[in-house]
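When a residue number appears, it is its place in the shown sequence, counting from 1.
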Amino acid sequence: MTLEGSLEAAVDGATDAVSFAFTVTNEGAEPVELRFTDACKAEFVVSDDGNERWRFTEGRLFAQVLGSETLAPAESATYEAEWSAPEPGEYTALAELRARDESCEARTALSVPS
């Protein structure tokens with residue numbers, strides 16, 4: 001696979017929110033075209049012990065517009081999301097690229113203090 005992903009999660013105590021940054025990097029020697037079927041380019045899911053607690057796309061509508069972007073070798077793209085008012089706890093966050101013919105995902109542990 002030529003795409004590598006990394007996921008960062010940051011808890012902002014001032015706003016009681018968690019911000020996510022999912023970075024997708026083309027580790028291959030050739031450009032990779034990412035083709036999307038709507039305006040949502042990445043999915044973010046937070047779970048604890050296998051129970052889903054939050055999903056970025058839940059209850060949201062996205063423009064139904066075809067789009068694409070090309071990542072040159074060693075080039076990256078970052079997709080962001082925010083989880084508002086999370087409950088305190090220990091979680092696993094997952095980010096998945098929503099491109100049509102390419103796949104990439106990343107996970108990270110997340111702790112929301114009380």
Report, one line per pair, each donor and acceptor closer than 3.5 Å where one atom sits in a side chain of residues 65-74; sequence neighbours left out.
unit_1, atom_1, unit_2, atom_2, d
Glu69, OE1, Lys41, NZ, 3.1
Glu69, OE2, Tyr79, OH, 3.2

Query raised in the report: Between the side chain of Glu52 and the main-chain N/O of Gly50, is any donor-acceptor distance below 3.5 Å?
Result: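 Checked: no pair found.
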Query raised in the report: Is there a donor-acceptor pair under 3.5 Å between the side chain of Glu43 and the backbone N or O of Thr57?
Result: yes
Could you give the distance from [atom1] ([X]) to [atom2] ([Y]), rounded to the nearest 0.5 Å?
X: Leu34; Y: Glu102; atom1: CG; atom2: CD; value: 6.5 Å
X: Leu3; Y: Thr25; atom1: CG; atom2: OG1; value: 8.5 Å
X: Phe22; Y: Ser6; atom1: CZ; atom2: OG; value: 8.0 Å
X: Phe36; Y: Phe62; atom1: CZ; atom2: CZ; value: 12.5 Å
X: Glu87; Y: Trp54; atom1: CD; atom2: CH2; value: 14.0 Å
X: Asp16; Y: Trp83; atom1: CG; atom2: CH2; value: 11.5 Å

Requested in this report: Could you tell me how the ring of Phe56 sits relative to the ring of Phe44: parallel (under 30°), tilted (30 to 60°) or perpendicular (over 60°)?
Outcome: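 Perpendicular.
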Side-chain heavy-atom pair [X], [Y] within 4.5 angstrom cut-off:
X: Asp12; Y: Ser19; result: no
X: Thr23; Y: Glu8; result: no
X: Val46; Y: Phe20; result: yes
X: Leu94; Y: Leu7; result: no

Query raised in the report: With the 4.5 Å side-chain cut-off for hydrophobic clustering, are Val45 and Val112 part of the same group?
Result: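 Each belongs to a different hydrophobic cluster.
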Give me the atom names and distance for the closest heavy-atom approach of [X] to [Y].
X: Thr78; Y: Ala21; value: CG2-CB, 4.1 Å
X: Val18; Y: Ala9; value: CG1-CB, 4.3 Å
X: Ser84; Y: Ala17; value: CA-CB, 4.3 Å
X: Pro113; Y: Val11; value: CD-CG1, 4.1 Å
X: Ser111; Y: Glu90; value: OG-OE2, 2.7 Å

Query raised in the report: Would Thr92 and Ser47 count as a side-chain hydrogen bond (donor to acceptor under 3.5 Å, both in side chains) if you check the C-alpha gap in whole Å, the side-chain angles of each, and the deciding distance to 0.1 Å?
Result: CA-CA 5 Å; Thr92 298; Ser47 60; 5.1 Å; no
